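Right, one structure below, let's go through it.
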Amino acid sequence: MNRTCGVLMHITSLPSPYGIGTLGKEAEKFADWLVSAGQSYWQVLPIGPTGYGDSPYQPFSSFAGNHLLIDLDELCEHGLLDKSDCENADYGADPEYVDYDKISKTRNELLRKAFAKFVDDVGYTSFVLEESSWLEDYALFIALKGKFGGKPWTQWEEDIKLRRPAAIEKYSEELKDEIRFVKWCQYIFFRQWNRFHGVCKAKGIQIIGDIPIYVSPDCSDVWANPALFELDERLNPKRVAGVPPDYFSKTGQLWGNPLYNWQEMKKTRYDWWIKRVKKSAQLYDMLRIDHFRAFDTYYAIPYGNETAEHGNWEQGPGMDLFNEIRKQLGDVSIIAEDLGDIFDSVKKLLAESGFPGMRVVQFGFNPENSDNDHLPHNYPKNSVCYTGTHDNATIMQWFKEADAASKKMAKRYLNKGTFDKFNVCAIRAAYASPSFLTVIPIQDILGLGKRGRMNVPSTLGGNWGWRMQTKQLKSKHAALLKDLAVTYMRDKKQ
């Protein structure tokens, strides 16, 4: 198992004159920067179409791409947009933050302009046929959301909520132009993604993707496949996902995602999951599966509860699912997000699967100065090490806000001198660890504080918006990572 390294940087956070990072030239430039920094991996957050709260972990589909990431310059090059249209549009006032409301409105207007000039080609026709298993449902779903004022599908008119054939036929005809627009957006997105992925591969950079374990309550997956989820006869969830009370939250976390009907899934040989993993394996070189523990045991909270205090632990599919994935798809490169309060049975499943788990440097430091799994000297080789994740404070914010005892432990453990930067010390410890792969969030490389944080779990608004400015990423950052990669045998040339 070769030692290697990478960077966590979501596409939306890339520099861009158009309000949000895209799959265009800045993405290619960042891939070049990764090469200069001795990196082999680029990890991104989920790339699905964001819905409620702008969270990439609550997409409208487990298969579709986020049309907000489409590179507008390419559409200009193809004659579908005028450069002035893009340059004069309103993308929000803050260049360091994604204004999702404005971005969504502006980009939809620009994409509709481009679509009006589009003439069917062989690529579009082939794409629609090849992706029909999910694309037909998704395109109709999005068109219907527009018709019903953005309401969740559970609040649509009864006939189409229940997918009665006559209603499907009626709305498919009525909304055919909008359906075609949605399909076209997906065609452009995946055409650009495949080009971007190919460019990264040619440079020796592999993409690590991210699969949210659960789906959003308001998504085409649930609407089109209600039997695969724990729903009642009115298609409301019977129970929903979350985690019980713990050190971080006295009432637990009530996520509200519908739970899978694993018995029904098993009858189909996990067909929906197989398709999901297959699609992801085409898009990425390695997959990170969020909340891996729920494949072993998952927490089920009765629908309607206002907190996560009164749920039950239920048995997940375990190795049965992963054996089926291996049987049908072969070996898929998977990272298991095994953070949080983990039962012994989860550790057993992880060992049996052979997947690497995760370790996080900032989790290791505590007021008790006690040894634990997140201190780098304890990392197993078959693990992926981070200084922090998208859900945590940046490493510099953590250091600023930590209690005195935890700070003292961290400074001693990392051998931080008076003039040493804490983020650099933490990155060095991650690189020196036994983990075969270390991935550092770009915010920690840049040494950003609170303003660089990507997400605060269980809060709505103000998340997922951070963007990097071109001037922030310097050659000195690449030189630091390159030196560490060479020193700790993670440089791909070794």
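In this chain, residues are counted from 1 in sequence order. Predicted model, so just to flag it, every value in this text is computed and none were measured.
- Taking Tyr57 as the reference, His390, Trp464 meet the ring-ring contact (aromatic ring centres under 6.0 Å, His included) condition, with sequence neighbours excluded.
- Among residue pairs with one or both ends in residues 300-324, those qualifying as salt bridge (charged side-chain N to carboxylate O under 4.0 Å, His left out) are Arg239-Glu314, Lys266-Asp320, Arg269-Glu324; sequence neighbours excluded.
- In this structure, Trp134 and Tyr138 have tilted ring planes: the angle between them lies in the 30° to 60° band.
- When all heavy atoms of Ala308 and Val243 are compared, the pair lying nearest together is CB-O, 3.4 Å.
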Pair Gln253-Trp255, side-chain hydrogen bond (donor to acceptor under 3.5 Å, both in side chains): steps then yes or no = CA-CA 6 Å; Gln253 294 181 36; Trp255 298 338; 3.1 Å; yes
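- By the ring-ring contact (aromatic ring centres under 6.0 Å, His included) test, His377 is found to be paired with Tyr413, residues two or more places apart in sequence or in another chain being considered.
- Under the side-chain hydrogen bond (donor to acceptor under 3.5 Å, both in side chains) criterion, His67 pairs with Asn108, not counting sequence neighbours.
- Sorted pairs that involve residues 406-428 and meet salt bridge (charged side-chain N to carboxylate O under 4.0 Å, His left out), not counting sequence neighbours, are lacking altogether.
- Between Phe399 and Phe422, the two ring planes are parallel [angle under 30°; tilted spans 30° to 60°].
- The ring-ring contact (aromatic ring centres under 6.0 Å, His included) check on Phe229 picks up Tyr260, with sequence neighbours excluded.
- Defined by atom type and a distance below 3.5 Å, a donor-acceptor pair is present between the side-chain atoms of Ser435 and Ser383.
- Residues forming a side-chain hydrogen bond (donor to acceptor under 3.5 Å, both in side chains) with Ser40 (at least two apart in sequence, or on another chain): Thr4.
- Pairs passing the salt bridge (charged side-chain N to carboxylate O under 4.0 Å, His left out) check and including a residue from residues 285-295, sequence neighbours excluded, read Lys201-Asp285, Asp210-Arg288, Arg288-Asp290.
- Counting heavy atoms of neighbouring residues, nucleotides and ligands inside a 6.0 Å radius, atom CD of Gln315 exceeds 12 of them.
- Among Gln43, Gln362, Arg359, the single residue meeting the side-chain hydrogen bond (donor to acceptor under 3.5 Å, both in side chains) criterion with Tyr386 is Gln43.
- The number of heavy-atom neighbours closer than 6.0 Å to OH of Tyr52, taken from other residues, nucleotides and ligands shown, is 12 or below.
- Legend: residues meeting side-chain hydrogen bond (donor to acceptor under 3.5 Å, both in side chains) with Ser433, ordered by chain and number and at least two apart, are absent.
- Aromatic ring orientation, Trp223 versus Phe141: tilted (interplanar angle from 30° to 60°).
- In this structure, Asp444 does not pair ionically with Arg453, as no charged nitrogen and carboxylate oxygen lie closer than 4.0 Å.
- Scanning for side-chain hydrogen bond (donor to acceptor under 3.5 Å, both in side chains) contacts around Asn312 gives an empty result, with sequence neighbours left out.
- Side-chain atoms of Asn372 come within 3.5 Å of backbone atoms of Ser370 as a donor-acceptor pair (strictly under, hydrogens ignored).
- Aromatic ring centres of Trp42 and Phe30: separated by under 6.0 Å.
- Using cut-offs of 30° and 60° on the angle between ring planes, the pair His197 and Trp193 is tilted.
- With sequence neighbours excluded, the residues satisfying ring-ring contact (aromatic ring centres under 6.0 Å, His included) with Phe292 are Phe295, Phe322.
- Heavy-atom neighbours of Asp232 CG from other residues, nucleotides or ligands within 6.0 Å: above the threshold of 12.
- Every pair passing salt bridge (charged side-chain N to carboxylate O under 4.0 Å, His left out) that includes a residue from residues 18-38 is listed here, sequence neighbours excluded: Lys25-Glu77, Glu26-Lys29, Glu28-Arg195, Asp32-Lys203.
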